[in-house]
A.B. asks: 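Have a look at this one.
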Amino acid sequence: MSVKKVPRRISDGESFGSSIHNTLRRWGELEMLCQATTPLKNQLKLFAEHEQESVKQRPLELNTLLTMFRECFIAEGYENRAAMDNALMRGEKLMQTFFVWWKKEERTVITIESGFKLNIERENATALVLSGRYDRIERTEKGLWIIDYKTSEPRSQESVDSDLQLSIYALAAEQEWKQPIDRLSLLFLREAGVTELSTTRNASELQNAVTAIRLLNSGIEAKDFTATPMREKCAYCPYREMCPARIR
Ligand code: SF4
């Protein structure tokens with residue numbers, strides 16, 4: 001079997017998702033800068049010392065968020081000018097609904113868009129190392145709250161409860177932060193409002209996730225790339241137009 005490196009241009013969905021993620025990263029960084037609980041060394045990592053005062057001039061208000069969105073908007077990936085203008089308008093609406101969600105409670109952000117490495121031990125082999133990125137982690141009274149942003153349609157609670165990506169976040173955060181995971185949430189940003197779907201993972205569910213990761217890796221090492229179509233995945237997959245296994 002040969003592995004094709006299929007070139008593809010950035011899709012409108014990916015471009016829009018990146019615009020939203022980049023905006024919420026900057027918003028989260030501003031939150032961290034404004035928090036008394038953020039250690040100075042972390043503040044300095046976010047912004048150089050001389051930049052901090054000018055950044056702090058930006059209050060944590062809706063207008064700031066909207067300005068950040070316009071600054072972060074990526075024009076690439078749209079069919080034409082009208083599609084791009086629609087995405088700009090949609091993004092502004094999404095930022096308004098995010099702001100309503102964000103305002104609902106006091107928040108303590110401990111990291112934004114930070115990379116992680118998860119080590120999975122294996123018998124008679126070197127440990128597997130998975131890398132990824134958290135969108136946002138807040139601290140709650142019970143531990144860590146891991147939040148992942150989505151611009152797609154909300155999924156079912158059942159699929160969130162069994163989502164392997166969320167299990168990987170939980171495993172990685174436990175390994176890195178040595179703190180209990182209070183909850184994991186997918187935050188679906190839509191014009192009509194934010195849908196927050198939350199779940200938890202107990203020790204046995206995390207162990208099952210480790211087993212699933214080892215199995216998936218065995219398939220990769222055996223070069224078994226059999227497609228595993230799922231309606232929800234295929235709907236947003238950038239390879240769907242050329243994939244014979246896709247589910248429409
Ligand atoms: S279209 Fe579906 S089956 Fe094909 S690669 Fe994408 S997610 Fe997998």
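Indexing begins at 1, ligand by ligand and atom by atom, following the structure's order.
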A.B. asks: If you look at every heavy atom in S159 and R155, which pair is closest and at what distance?
C.D. replies: OG-NE, 3.1 Å
A.B. asks: Is the ring pair Y169/Y134 parallel, tilted or perpendicular, if the boundaries are 30 and 60 degrees?
C.D. replies: tilted
A.B. asks: Closest non-hydrogen protein atom to atom 2 (Fe) of ligand 1, residue and atom name please, with distance?
C.D. replies: C234 SG, 2.3 Å
A.B. asks: Just say parallel, tilted or perpendicular for the rings of F73 and F69, cut-offs at 30° and 60°.
C.D. replies: perpendicular
A.B. asks: Which of the atoms of ligand 1 are close to P229, meaning less than 4.0 Å from one of its heavy atoms?
C.D. replies: 3 (S)
A.B. asks: Where does C243 meet ligand 1, judged by heavy-atom distances below 4.0 Å: at the side chain, the backbone, both, or neither?
C.D. replies: side chain
A.B. asks: What protein heavy atom is closest to atom 1 (S) of ligand 1, reported as residue, atom name and distance in Å?
C.D. replies: R246 CB, 3.6 Å
A.B. asks: Less than 4.5 Å apart, side chain to side chain, heavy atoms only: is that true for L24 and M68?
C.D. replies: no
A.B. asks: What's the shortest distance from atom 6 (Fe) of ligand 1 to any protein heavy atom, and which residue and atom give it?
C.D. replies: C237 SG, 2.4 Å
A.B. asks: Would you say atom 4 (Fe) of ligand 1 has a protein heavy atom nearer than 4.0 Å?
C.D. replies: yes
A.B. asks: Under a plain distance cut-off of 3.5 Å, with no hydrogens placed, do S167 and R201 share a side-chain donor-acceptor pair?
C.D. replies: yes
